[in-house]
Amino acid sequence: MKIKFIGGSGTVTGSKTLIESNGVRILVDCGLFQGLKALRELNWEPLPILPSTIDYVLLTHGHLDHCGWLPRLVAQGFAGKIYCTSPTKAVAQLVLLDSAKIQEEEADKANKEYYSKHEKAEPLYTVVQAKNVLPFFKVIQPNLSIVVANNITAVFSIAGHIIGACSITLTLEGKTLIFSGDIGRDDDVLMFPPTKPSKADYIFLESTYGNRLHPDLDVKKELETYINSTIDQNGTVIIPGFAVERAQSIMYLLWELKTEGRIPKIPYILDTPMGASVLDIFLENMQWHKLSANDCHEMFKMFRIVSEFDQTMRIIEDPQPKVIIAASGMVTGGRVLSYFEKYIGIKKTTVIIVGYQAEGTRGRKLLDGADEIKIYGKYYPVKAKITQIEGMSAHGDQEDLVNWLSALKNNPKCIYLVHGENLPAEELRIKIQDRYGFKCTVPFMGSEIEI
């Protein structure tokens with residue numbers, strides 16, 4: 001059996017792990033690279049194997065860095081099955097169509113305004129290509145063993161993180177391999193705690209927050225303080241948020257604060273082309289989260305849901321104080337950029353960063369104190385107040401990741417730390433070895449192991 005780390009090693013994006021066993025090829029996740037230009041350029045490169053020779057894709061969840069390259073995979077010849085949970089299929093469909101729409105819009109804008117370095121800017125994939133992925137999805141139930149191919153079985157187990165997210169246990173050639181996907185938090189506002197594995201020969205564990213502990217702070221109090229102080233100055237609050245789950249966590253906390261009378265009656269806006277479809281996913285998958293149907297409806301009623309870009313432009317030009325949640329969460333693209341063009345240079349604006357910011361993203365640059373950021377070929381001075389609420393990440397921290405291994409009844413032969421930048425992964429490796437004595441290694445992107 002061979003395992004190849006095509007993406008998501010040494011970085012938190014572009015997750016792709018290839019398993020080859022007895023003539024069967026399985027790809028776990030098929031994510032988009034984001035952040036550093038050198039990584040983003042990999043999205044245009046072919047895979048080291050022909051997509052037509054891949055038999056199956058197993059999808060841990062529907063975030064772009066785990067499913068966003070699927071349209072390219074299908075366009076280049078993949079014709080197998082994409083196994084995932086029902087909410088993941090729904091989320092991935094929204095995310096892929098949203099991604100394609102944004103790419104088409106940005107390519108069109110680059111061509112009209114002549115800021116592309118290419119003779120003609122092209123989208124990585126089109127809306128039509130994103131739609132072509134949908135027939136390949138095959139929905140499975142969590143916690144049930146499915147036969148993927150001869151003598152290869154898979155079990156999807158709850159991972160928390162976002163709705164539908166799972167870890168995947170593969171049994172093949174008499175060995176048990178576990179792919180963690182993204183591990184959620186034990187105390188998440190909306191999601192249930194991740195299921196801990198009890199037995200594994202090899203584990204492929206994410207390490208996003210491998211060197212960080214989430215601070216034990218009152219997140220609602222922080223939100224309340226930032227919003228009230230900004231609105232008191234007649235300013236605007238912008239929260240870059242991943243449109244699925246993180247946005248709903250923020251919405252839930254804002255709804256609680258407003259219900260408790262702790263934040264003012266101003267416009268609260270969720271701006272995403274996905275629109276109210278996200279609410280439908282939550283309502284159709286009640287067993288996957290902690291909210292009641294009534295809570296879902298009441299929470300969404302508080303927000304103006306914006307899906308069309310002309311609505312976005314009207315909101316941008318409206319001078320009244322407001323709170324805006326807009327994707328993307330790492331400020332790599334999407335509607336949030338249009339708000340930044342108007343508001344990032346205004347001192348009364350507050351930007352609240354709530355999720356992980358990958359290396360090379362605008363979100364990371366803002367946290368690092370950038371004086372200016374580049375948007376659509378132009379530089380904008382940063383005069384807004386940039387703040388961060390660390391306690392709102394959908395990823396488990398170092399303690400959550402280490403604790404996820406605590407129910408193992410055997411010593412795995414090796415734990416491979418993926419989906420993390422090098423320093424966090426290395427610190428997590430040391431922590432796991434010190435606590436459990438497990439063999440742990442950080443693979444290089446493009447490397448291959450034989451089991």
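Reckoned from all heavy atoms, side chains included, excluding hydrogens, waters and symmetry mates.
No side-chain donor-acceptor contact under 3.5 Å links Tyr252 and Gln248. For the 3.5 Å distance criterion, the side chains of Ser180 and Glu206 fail to qualify, holding no donor opposite an acceptor. Side-chain atoms of Thr88 and His61 form no donor-acceptor pair, as typed in the model, at a separation below 3.5 Å. For the residue pair Tyr380/Glu341, the side-chain donor-acceptor check at 3.5 Å is satisfied. If you check the side chains of Tyr202 and Thr176, you find no donor sitting under 3.5 Å from an acceptor.
Not a single donor-acceptor pair under 3.5 Å links the side chain of Ser207 to the backbone N or O of Leu417. Counting only distance, with no hydrogens or angles, the side chain of Ser9 and the backbone of Met445 share no donor-acceptor pair below 3.5 Å. Under a 3.5 Å cut-off, the side chain of Tyr356 and the backbone N or O of Val12 do not form any donor-acceptor pair. Panel note: side chain His161, backbone Ala394; a donor-acceptor pair is recorded below 3.5 Å. Between the side chain of Asn111 and the main chain of Ala121, a donor-acceptor pair closer than 3.5 Å is present. In this structure, Trp404 contributes its side chain and Pro194 its backbone to no donor-acceptor pair below 3.5 Å. In this structure, Arg185 contributes its side chain and Pro193 its backbone to no donor-acceptor pair below 3.5 Å. In this structure, Arg72 contributes its side chain and Leu124 its backbone to a donor-acceptor pair below 3.5 Å. When atom types are taken as modelled, the side chain of Gln129 and the backbone of Thr126 share a donor-acceptor pair closer than 3.5 angstrom. In this structure, Lys365 contributes its side chain and Ile373 its backbone to no donor-acceptor pair below 3.5 Å.
Remark: Tyr339 pairs with Asp271 by the side chain to side chain donor-acceptor pair (under 3.5 Å) rule, at least two apart or across chains.
Remark: Arg212 does not engage Glu427 in a salt bridge, criterion side-chain N to carboxylate O under 4.0 Å. For the pair Glu308 and Arg335, the salt-bridge criterion is not met [side-chain N within less than 4.0 Å of a carboxylate O]. Contact check on Arg314 versus Asp318 returns no salt bridge, with no Lys/Arg side-chain nitrogen under 4.0 Å from an Asp/Glu carboxylate oxygen. Using a 4.0 Å cut-off between charged side-chain N and carboxylate O, Arg429 and Glu426 make a salt bridge. A salt bridge is absent between Glu106 and Lys109: the closest approach of a Lys/Arg side-chain nitrogen to an acidic carboxylate oxygen does not fall below 4.0 angstrom.
Thr169 is not listed as a side-chain neighbour of Pro197, based on a closest heavy-atom distance of 4.5 Å or more. Considering only heavy atoms from C-beta on, Lys2 comes within 4.5 Å of Glu448 through its side chain.
Applying the salt bridge (charged side-chain N to carboxylate O under 4.0 Å, His left out) rule to pairs touching residues 392-401 yields Glu399-Arg435, sequence neighbours excluded.
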| query | Between Val127 and Asp98, is a side chain to side chain contact (heavy atoms under 4.5 Å, CB included) present by the stated rule, with each step listed? | reply | CA-CA 8 Å; Val127 170; Asp98 181 47; over 6 Å; no
| request: Would you sort out whether Tyr416 and Leu205 count as a side chain to side chain contact (heavy atoms under 4.5 Å, CB included), showing the intermediate values? | output: CA-CA 6 Å; Tyr416 296 93; Leu205 174 62; over 6 Å; no
Result block: side-chain N/O donor-acceptor pairs under 3.5 angstrom for residues 22-29, not counting sequence neighbours:
from	atom 1	to	atom 2	distance (Å)
Arg25	NE	Glu20	OE1	3.0
Arg25	NH1	Thr53	OG1	2.6
Arg25	NH2	Glu20	OE1	3.3
Asp29	OD1	Thr60	N	2.8
Asp29	OD1	Thr60	OG1	3.1
Asp29	OD2	Thr60	OG1	2.8
Asp29	OD2	His66	ND1	2.8

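Exactly one residue among Met299, Met302, Lys220 makes a side chain to side chain contact (heavy atoms under 4.5 Å, CB included) with Leu254. That residue is Met302.
Note on ring orientation: taking the six-membered ring where Trp is involved, the planes of Tyr268 and Phe303 are perpendicular (angle over 60°, cut-offs 30° and 60°).
Minimum heavy-atom separation, Tyr343 to Ile316: OH-O, 2.8 Å.
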